[in-house]
Amino acid sequence: MAESTGIDGRGQNGDSNYHEPRARKPNYIELLKPQLLSEDAPKQGASQKDTTSGLSSGRTTPIPADAPPSVQASSSARRQIRAQQKQRIFPSIEYVDRVSHFDRASDYHDFRGFFVLFWIGLAIMVLTTMLRTYKETGYPLSISQWHLFTTKVWELAISDGLMVGSILVSLPLHKLYMSHSGILRWSRLGIVIQSAYQAIWLLFWTSFPFIRDWSWTAQVFFTLHLLAIFMKMHSYAFYNGHLSETRRRLYDLDTPATASRAAAYRYPRPQAHLSDIPESPSKEELDEDDNEDLRQLRSDLAFELASPLGGLSYPQNLTLYNLVDFIFCPTLCYELEYPRTPRIRWTELLSKTLAVFGCIFLLTVTTEEFVLPVLRESAISLQQSTSAADFALVLGETIGRLLFPFMVTFLLVFLVIFEYLLGAFAEISRFADRQFYADWWNSCDWLEFSREWNKPVHHFFRRHVYSASRGHMSRPLATLITFLISALAHELVMGCITRKFRGYGFIAMMLQMPIVMVQRSRWLRGQTLLNNVLFWCSMILGLAMMCALYVLV
């Protein structure tokens, strides 16, 4: 029976109640099938003219008669496969052994569509908010916080510029430490002068917004930038101080009889984790008569003074251009030089700049529509509560209503800082290392999260806090000191936002250490999915709880 495309209502004897397939008019492929399905078609009666006449299905170029045998065989195989597929009413499906994209064993990692969906969801949220606000007030958006962004904005800009410019004092100070061989050298009075200047600097600029009575938005921006600049100043000063002493030791080895033979100290490599940092080098004196060890020590000291990229050495880096360049580079750890991209991609810079303002707009809308109304209602309810049970109930309800808004806020803050703001400064400075974060969303505990969600800060603490402490104390105590300083910095930020220093953020940060110990115990070790769920739950709950406690209590 011929292949069919419809149903013929006429029966074999003209009976309309009997249905059979209606024959389809044969086309070129039907006429060619006997030739395609048989390799010996020319030998079985078909003429050479029919074989080479150029008839085709319209999908391929006819093969000439004088084509090589390999080309003819390939063409014949393709035609046979297409002809066999035409004979099937239903196309065959290929089933093989494979896993889904979300399976842990899958090597598929491109989930950019979910990133696009995230932005589409935020756009839908903004549109529905605008429609509701327009229906209620007659205006698309009603942002009560707008005055917070415009009040004393010029004072903020000038103060921020003076704050950044004040760290340039470190440059002439280090030139003095390098050239002076007496009491003003870095290892004697230099480190004392620098530490005192940093302490006074931090105290003054931290209290300045409180004295000037800025809005909380201006104060948060200024405080975050202040902490970043403070870490830059500390890294620049102490790393150059270390290089100053290294250079002095190298020159002192020209007279080996009086020079120190202590082993050269090197900072750990950036990719090392906290637990991987070795202990401080031994201070045992080398044998004066061992020329090989003396040559090795000179080599180590000279190697320490050179850039890892080999283009610059200390003290050629003590220039104004080098320091200003470091200020603009999106990193907190000073190096003599950094890898650079060939050019600035202006389109990329423009898109990231627009994304920064877009994220700030979305943060404002989210806060205005989903955070501030909840806090206002809860504040009134807490004032009317008459018992501890009512107070706890209102507080618990507030935390529950803030869970989703703060999850969105956290993701937006992450994107605006680590993807767009740092990315924009990386384009401006042509800073080549753009990996400011790792896959923190897969973190199983807080220690892993702190290491991966904010790489610039993690590198600073690993190098200038943890590693610097390891030469004077044990590893657990150095880890405790690192968490302590980080907790104080977080408490400072929360205090600037709410103008309340309650210690909730400090306590929450310090509680991460026992939580990490529990998650790494033998009962939970290796439970990747469970630990990731616990991490996300504690993250979302912690953000909402911190907001409710600082604002309402």
Side-chain angles (χ1 to χ4, degrees), residues 118 121-122 125 128-129 132 144-145 148 216-217 219-220 224 359 362-417 440-441 443-446 449-450 453-454 483 486-516 518-519 530-553:
F118 171 76
L122 291 180
M125 179 196 74
T128 54
T129 300
R132 186 178 68 254
S144 61
Q145 305 174 81
L148 301 178
W216 72 268
T217 53
Q219 192 162 356
V220 167
L224 291 175
C359 286
L362 291 173
L363 282 168
T364 305
V365 173
T366 303
T367 304
E368 185 74 28
E369 295 295 325
F370 302 103
V371 176
L372 294 182
V374 174
L375 295 177
R376 294 192 191 103
E377 295 176 12
S378 300
I380 298 174
S381 300
L382 286 177
Q383 291 178 357
Q384 298 175 351
S385 62
T386 57
S387 63
D390 293 341
F391 185 90
L393 182 62
V394 173
L395 191 63
E397 181 185 9
T398 303
I399 294 173
R401 295 174 65 184
L402 292 176
L403 289 176
F404 186 77
F406 266 91
M407 182 181 68
V408 175
T409 301
F410 170 74
L411 294 176
L412 286 173
V413 168
F414 162 74
L415 287 173
V416 73
I417 295 178
W440 58 265
W441 43 87
S443 298
C444 295
D445 56 58
W446 285 100
F449 169 75
S450 64
W453 104 285
N454 190 343
F483 267 87
S486 178
L488 289 174
H490 282 79
E491 178 63 26
L492 176 63
V493 174
M494 293 303 300
C496 292
I497 295 176
T498 61
R499 294 178 178 267
K500 298 177 182 178
F501 292 94
R502 296 288 190 265
Y504 304 131
F506 177 81
I507 296 173
M509 282 289 297
M510 297 307 295
L511 284 177
Q512 292 180 9
M513 295 186 65
I515 293 176
V516 169
V518 172
Q519 288 186 298
L530 176 60
N531 284 328
N532 184 244
V533 170
L534 293 176
F535 158 75
W536 270 112
C537 290
S538 59
M539 167 64 75
I540 300 171
L541 179 62
L543 292 173
M545 186 169 60
M546 286 298 103
C547 176
L549 288 175
Y550 272 100
V551 176
L552 302 176
V553 180

Calculate, to the nearest 0.5 Å, the distance between atoms [atom1] and [atom2] belonging to [X] and [Y] respectively.
X	Y	atom1	atom2	answer
Thr366	Met407	OG1	CE	11.0 Å
Leu395	Asp390	CG	CG	12.5 Å
Leu541	Trp536	CG	CH2	13.5 Å
Leu403	Cys547	CG	SG	11.0 Å
Leu411	Phe406	CG	CZ	13.0 Å
Ile399	Met546	CD1	CE	8.5 Å

Closest approach of [X] and [Y], non-hydrogen atoms and distance?
X	Y	answer
Glu491	Phe506	OE1-N, 3.2 Å
Phe483	Gln512	CE2-OE1, 3.8 Å
Ala548	Thr398	CB-CG2, 4.3 Å
Phe449	Ser443	CA-OG, 3.4 Å
Asn531	Cys444	CB-O, 3.3 Å

Next item on the list: Enumerate the residue pairs fulfilling side-chain hydrogen bond (donor to acceptor under 3.5 Å, both in side chains) with a member in residues 500-511, sequence neighbours excluded, ordered by first and then second residue.
Entry: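 The answer is none; no pair qualifies.
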Should [X] and [Y] count as side-chain neighbours, where that means a heavy-atom distance under 4.5 Å?
X	Y	value
Val408	Phe404	yes
Leu552	Val394	no
Leu488	Leu492	no
Leu122	Val365	no

Next item on the list: Output, in order, the C-alpha distance, side-chain angles, deciding distance and verdict of side-chain contact (heavy atoms from CB on, under 4.5 Å) for Leu534 and Leu530.
Entry: CA-CA 6 Å; Leu534 293 176; Leu530 176 60; 4.2 Å; yes
Next item on the list: Verify whether the ring centers belonging to Trp446 and Trp440 lie closer than 6.0 Å.
Entry: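 No, ring centres 6.0 Å or more apart.
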Notebook entry, point to check: salt bridge (Lys or Arg N to Asp or Glu O under 4.0 Å) with Glu369: which residues, sequence neighbours excluded?
Noted result: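 Result, salt bridge (Lys or Arg N to Asp or Glu O under 4.0 Å) vs Glu369: Arg132.
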Next item on the list: Take Ile515 and Asp445 through the side-chain contact (heavy atoms from CB on, under 4.5 Å) test and state the conclusion after the steps.
Entry: CA-CA 8 Å; Ile515 293 176; Asp445 56 58; over 6 Å; no
Next item on the list: Not counting sequence neighbours, which residues clear side chain to side chain donor-acceptor pair (under 3.5 Å) with Thr367? List them please.
Entry: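 Side chain to side chain donor-acceptor pair (under 3.5 Å) check on Thr367 returns nothing, list empty.
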Note to self: Run the side-chain contact (heavy atoms from CB on, under 4.5 Å) test on Ser385 and Leu393 for me, step by step, so that the C-alpha distance in whole Å, both residues' side-chain angles and the decisive distance to 0.1 Å come before the verdict.
What the structure shows: CA-CA 10 Å; Ser385 62; Leu393 182 62; over 6 Å; no
Check: How far apart are the C-alpha atoms of Phe118 and Leu415, what are their side-chain angles, what is the distance that settles it, and do they pass the side-chain contact (heavy atoms from CB on, under 4.5 Å) test?
Finding: CA-CA 12 Å; Phe118 171 76; Leu415 287 173; 3.8 Å; yes
